[in-house]
Structures are given as C-alpha cells and as structure tokens.
Colleague: 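Have a look at this one before I ask anything.
Throughout, numbering of the chain's residues begins at 1 and tracks the sequence.
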Amino acid sequence: MNDILNISAYKFVPLHDLAVLQEQLRSQTQSRQIKGTILIAEEGINLFLAASKDAIHSFIDWLRQDARFADLAPKESWSDHQPFKKMLVKIKSEIIRMNHPTIRPHTGRAPAVTPEVLNRWLDQGHDDNGRPVVVLDTRNAFEVDYGSFDHAIDYRISKFTEFPQAIAAHKETLKDKTIVSFCTGGIRCEKAAIYMREIGLEHTYQLDGGILKYFEETDARHFHGDCFVFDEREALDPRLSSHPRT
C-alpha cells in the first residue's frame, strides 16, 4: 500500500537567518517524524521529504506561514516505504551548486514553459513562432542514462558546475534555436536557463517543474525511460511509481 507521501520543492528567496531557520526546520520535521533532506542557503531552500500525508501537509502548512515560503508548491509522489534513513537540515553556500554567484534566480527567473506547451512544441517540431525547438538535459550523465526526452541534448557532465563551460562550448550550434532546459524538479534548469540567456542564447526557456511535473501533468509521450531521484526509490516511471533497477 502506497501510504508514504514524498515531496520535493525549492524556492529561490533571500534567507538571512540560516542558523535560526535550521533549528526551526529540524524541530518541526522531527516532531512530525518526517525524514529526508532540507538544504538552505542565502539564495533559498531546497527540500526532499517523506512521511505520512498528514505529517507532510501539516509541515507544509507550517512552512507557508512564513511569507517567504507562502507560495511553495511541492511536487508529490507516493511509495510503500520510507525512502530516507534520517532527517537532515543543512546550511550550504548554494542550494544547487553552480559556482556562478551572479546567477540569482530570486531577482528574476528565465521564462518557463508548461509541460503541456512543451508537448505541443515537440509534437509540431517548432515553437509558436516557427523556430526549431531543442530540449537540453542539465542533469549529470548517470541520471540521463535512466531516461530522458527523445533527442535531448546531453553534454555528459559529471556535476552541475561543469554545465556553464559545456554550454559555452556549444553556444554557436544553439543560437538560432528555441532551447528548453530541463532537470528533475526544476532547480538546476532554473539556474541553467538564466545563464544561457546571459551568454546570449535569448530564446531559452526552462521546463516549469522539471521532469516530475511533466510526468504529473502529461502522458509523457516525449520521454523514454525513468527519472532518477536521490533517495532509496532510485527512479520513478512516468506514473510517478518507484522503479528501482535490479
């Protein structure tokens, strides 16, 4: 019986009370027997949590009382077991490391396309202005190997900090195309899309909510394989069911 609710969410928002917030988050999750990981940094929050539905919803209701997190919109999936061993709340320099401190999504994110719009663009082979569309995978190579969008560009990076150099090396091949960057839940492609626009790839968008939101809102007809996730479930299929490799 799938009675464990798994959520992932992030928000780029300035946070200046990291030590205090860390203790509050640790207390609120532990009192609800929630397990998983929360990363906080001056640029925002990134969380992966699992527990009973009531516990998770209660925690999110508490978190949204803070105006900085009022619009937090977690992506949900279910499992028949607890995929985390413990609860960790960590203070980091970045909630997703890129080593480009000038990239600050809270000051203005790159335009996003919904999963439905991406499906329509891929069906027709171009965007609404007739420009060719390509999808660009911003994840690490081992994640891509579990599954990806059909014909996705994949630079075989081993960590996200390698992405800026990889995209800069291929800039000329992309400059006349509409690029939709994507990742697991949206956090990496959010930074990636901003960076690509900054180096002159002006027709760059991010897939809103990443692969997980694409699975949730569409029939996933342009995706083959599974989506790797960073917990004991290992991977999710397009029905958001766990699908560990044997």
Colleague: State plainly whether one hydrophobic cluster holds both Ile4 and Leu88, where clusters connect Ile, Leu, Val, Met, Phe, Trp and Tyr through side-chain heavy atoms under 4.5 angstrom apart.
Modeller: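 Looking at the clustering, Leu88 is in a separate group from Ile4.
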Colleague: Check the hydrophobic clustering (I, L, V, M, F, W, Y; side-chain heavy atoms under 4.5 Å; chains of links allowed) and say if Val144 and Ile157 are grouped together.
Modeller: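 No, no single cluster joins them.
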Colleague: Do any N or O atoms from the side chain of Asp150 and from the backbone of Phe223 form a donor-acceptor pair under 3.5 angstrom?
Modeller: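 Looks like no, no N/O pair under 3.5 Å.
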Colleague: Do the non-hydrogen side-chain atoms of Cys183 and Glu143 ever get within less than 4.5 Å of each other?
Modeller: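 Side chain of Cys183 against side chain of Glu143, heavy atoms only: no contact under 4.5 Å found.
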Colleague: Pair Ser181, Leu207 - check side-chain contact (heavy atoms from CB on, under 4.5 Å), show working.
Modeller: CA-CA 6 Å; Ser181 66; Leu207 175 59; over 6 Å; no
Colleague: In Å, rounded to the nearest 0.5 Å, how long is the span from CD of Glu232 to CD of Gln82?
Modeller: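 If I round to the nearest 0.5 Å, the distance is 8.5 Å.
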Colleague: Under the 3.5 angstrom rule, does the side chain of Lys11 hit a backbone N or O of Arg68 as a donor-acceptor pair?
Modeller: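 Side chain of Lys11 to backbone of Arg68: a pair is present.
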Colleague: Could you work out, with ring pair (Phe, Tyr, Trp, His ring centres under 6.0 Å) as the rule, every residue matching Tyr205, not counting sequence neighbours?
Modeller: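 Scan of Tyr205 (ring pair (Phe, Tyr, Trp, His ring centres under 6.0 Å), adjacent residues dropped) gives Trp121.
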Colleague: How many angstroms lie between atom CG of Leu39 and atom CD1 of Ile96, to the nearest 0.5 angstrom?
Modeller: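 Going from CG on Leu39 over to CD1 on Ile96, the span is 8.5 Å.
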Colleague: Has the side chain of Asp137 got a donor or acceptor atom that lies under 3.5 Å from a matching backbone atom of Arg139?
Modeller: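 Here the side-chain-to-backbone pair exists.
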Colleague: Is it true that the side chains of Asn6 and Ser79 contain a donor and an acceptor less than 3.5 Å apart?
Modeller: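 A pair is found: one side chain offers a donor N or O, the other an acceptor, under 3.5 Å apart.
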Colleague: Which heavy atom of Lys75 sits nearest a heavy atom of Gly185, and at what distance?
Modeller: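 Answer, listing the atom of Lys75 first, then Gly185: NZ-O, 3.1 Å.
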Colleague: If hydrophobic residues (ILVMFWY) are linked whenever their side-chain heavy atoms come closer than 4.5 Å, directly or via other members, who joins Ile7 in its cluster?
Modeller: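 Direct or chained contacts put Ile7 with Leu5, Val13, Leu15, Leu18, Leu21, Leu25, Ile34, Ile38, Ile40, Ile45, Leu47, Leu49, Ile56, Phe59, Ile60, Trp62, Leu63, Phe69, Leu72, Trp78, Met87, Val89, Ile91.
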Colleague: With no hydrogens and no angle check, is any side-chain donor or acceptor of Tyr146 less than 3.5 Å from a backbone partner on Glu234?
Modeller: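 Side chain of Tyr146 to backbone of Glu234: no pair is present.
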Colleague: Quick one: NZ on Lys175 to NE2 on His203, what's the gap to the nearest 0.5 Å?
Modeller: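 The NZ atom of Lys175 sits 11.5 Å away from the NE2 atom of His203.
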Colleague: Under 6.0 Å from the CD atom of Gln33, do we count more than 12 heavy atoms belonging to anything else shown?
Modeller: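 For Gln33, atom CD is not crowded (no more than 12 foreign heavy atoms under 6.0 Å).
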Colleague: Does the side-chain contact (heavy atoms from CB on, under 4.5 Å) test come out yes or no for Val180 and Asp127, once each step is laid out?
Modeller: CA-CA 10 Å; Val180 179; Asp127 66 12; over 6 Å; no
Colleague: Could you check whether any side-chain heavy atom of Leu212 comes within less than 4.5 Å of a side-chain heavy atom of Ser77, counting everything from C-beta outward?
Modeller: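 No, side chains not in contact.
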Colleague: Run the salt-bridge test on Asp145 and Arg156 with the 4.0 Å N-O cut-off and return the result as yes or no.
Modeller: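 A salt bridge links Asp145 with Arg156.
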Colleague: Just verifying a value: how many Å separate Cys189 SG and Ile179 CD1, rounded to the nearest 0.5 Å?
Modeller: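 So the gap between those two atoms works out to 13.0 Å.
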Colleague: Would one find more than 12 heavy atoms of other residues, nucleotides or ligands at under 6.0 Å from atom NE2 of His81?
Modeller: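 Yes, enclosed.
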Colleague: Holding to ring pair (Phe, Tyr, Trp, His ring centres under 6.0 Å), I want the full list of residues that pass it with Phe163, two or more places apart in sequence or in another chain.
Modeller: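 Phe163: ring pair (Phe, Tyr, Trp, His ring centres under 6.0 Å) contacts with Phe160.
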Colleague: Under a 4.5 Å cut-off applied to non-hydrogen side-chain atoms, are Gln24 and Asp66 in contact?
Modeller: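 Side chain of Gln24 against side chain of Asp66, heavy atoms only: no contact under 4.5 Å found.
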Colleague: His222 and Tyr214: side-chain contact (heavy atoms from CB on, under 4.5 Å), yes or no, with the steps?
Modeller: CA-CA 10 Å; His222 291 286; Tyr214 180 77; 3.6 Å; yes
Colleague: Give a yes or no on whether Glu42 atom CD has more than 12 heavy-atom contacts from other residues, nucleotides or ligands under 6.0 Å away.
Modeller: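 Counting neighbours around CD of Glu42, 12 or fewer heavy atoms of other residues, nucleotides or ligands fall under 6.0 Å, so no.
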Colleague: Taking the six-membered ring for Trp, are Phe149 and Phe182 closer than 6.0 Å centroid to centroid?
Modeller: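 They qualify: ring centres under 6.0 Å apart.
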Colleague: Looking only at heavy atoms, which two atoms of Pro164 and Met98 are closest? And how far apart?
Modeller: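 Result for this residue pair: CG-CE, 3.8 Å.
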Colleague: Testing Tyr10, Phe84, Phe230 one by one against Phe48 for a side chain to side chain contact (heavy atoms under 4.5 Å, CB included), which residue passes?
Modeller: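 For Phe48, the side chain to side chain contact (heavy atoms under 4.5 Å, CB included) test succeeds with only one of Tyr10, Phe84, Phe230, which is Phe84.
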Colleague: Given 3.5 Å as the limit, does a donor-acceptor pair link the side chain of Asn129 with the main chain of Arg131, or not?
Modeller: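 No: the side chain of Asn129 does not pair with the backbone of Arg131.
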Colleague: Taking NZ, NE, NH1 and NH2 as the nitrogens, is one of them in Glu43 or Lys191 under 4.0 Å from a carboxylate oxygen of the other?
Modeller: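 Salt bridge present between Glu43 and Lys191.
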Colleague: Test side-chain contact (heavy atoms from CB on, under 4.5 Å) on Leu201 and Ile167 and set out the steps.
Modeller: CA-CA 10 Å; Leu201 296 170; Ile167 197 68; 4.2 Å; yes
Colleague: Counting C-beta onward and ignoring hydrogens, is there a side-chain heavy-atom pair between Glu76 and His57 closer than 4.5 Å?
Modeller: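 Yes, at least one pair of side-chain atoms sits under 4.5 Å.
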Colleague: In the structure I gave you, are the side-chain heavy atoms of Val133 and Gln124 within less than 4.5 Å of one another anywhere?
Modeller: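 Side chain of Val133 against side chain of Gln124, heavy atoms only: no contact under 4.5 Å found.
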Colleague: Rounded to the nearest 0.5 Å, what's the gap from OG on Ser27 to CZ on Arg32? Could you check?
Modeller: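 Interatomic distance, Ser27 OG to Arg32 CZ, rounded to 0.5 Å: 8.5 Å.
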Colleague: Within a strict 4.5 Å, meaning less than it, do heavy atoms of the Lys213 and Asp208 side chains meet?
Modeller: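 SC-SC contact between Lys213 and Asp208 ruled out.
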Colleague: Quick one: OG1 on Thr218 to CG on Leu118, what's the gap to the nearest 0.5 Å?
Modeller: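 Atom-to-atom, Thr218:OG1 and Leu118:CG are 8.5 Å apart.
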Colleague: Judged by atom type as modelled, is there a donor-acceptor pair below 3.5 Å linking the side chain of Arg120 to the main-chain atoms of Glu116?
Modeller: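 Such a contact is absent between Arg120 side chain and Glu116 backbone.
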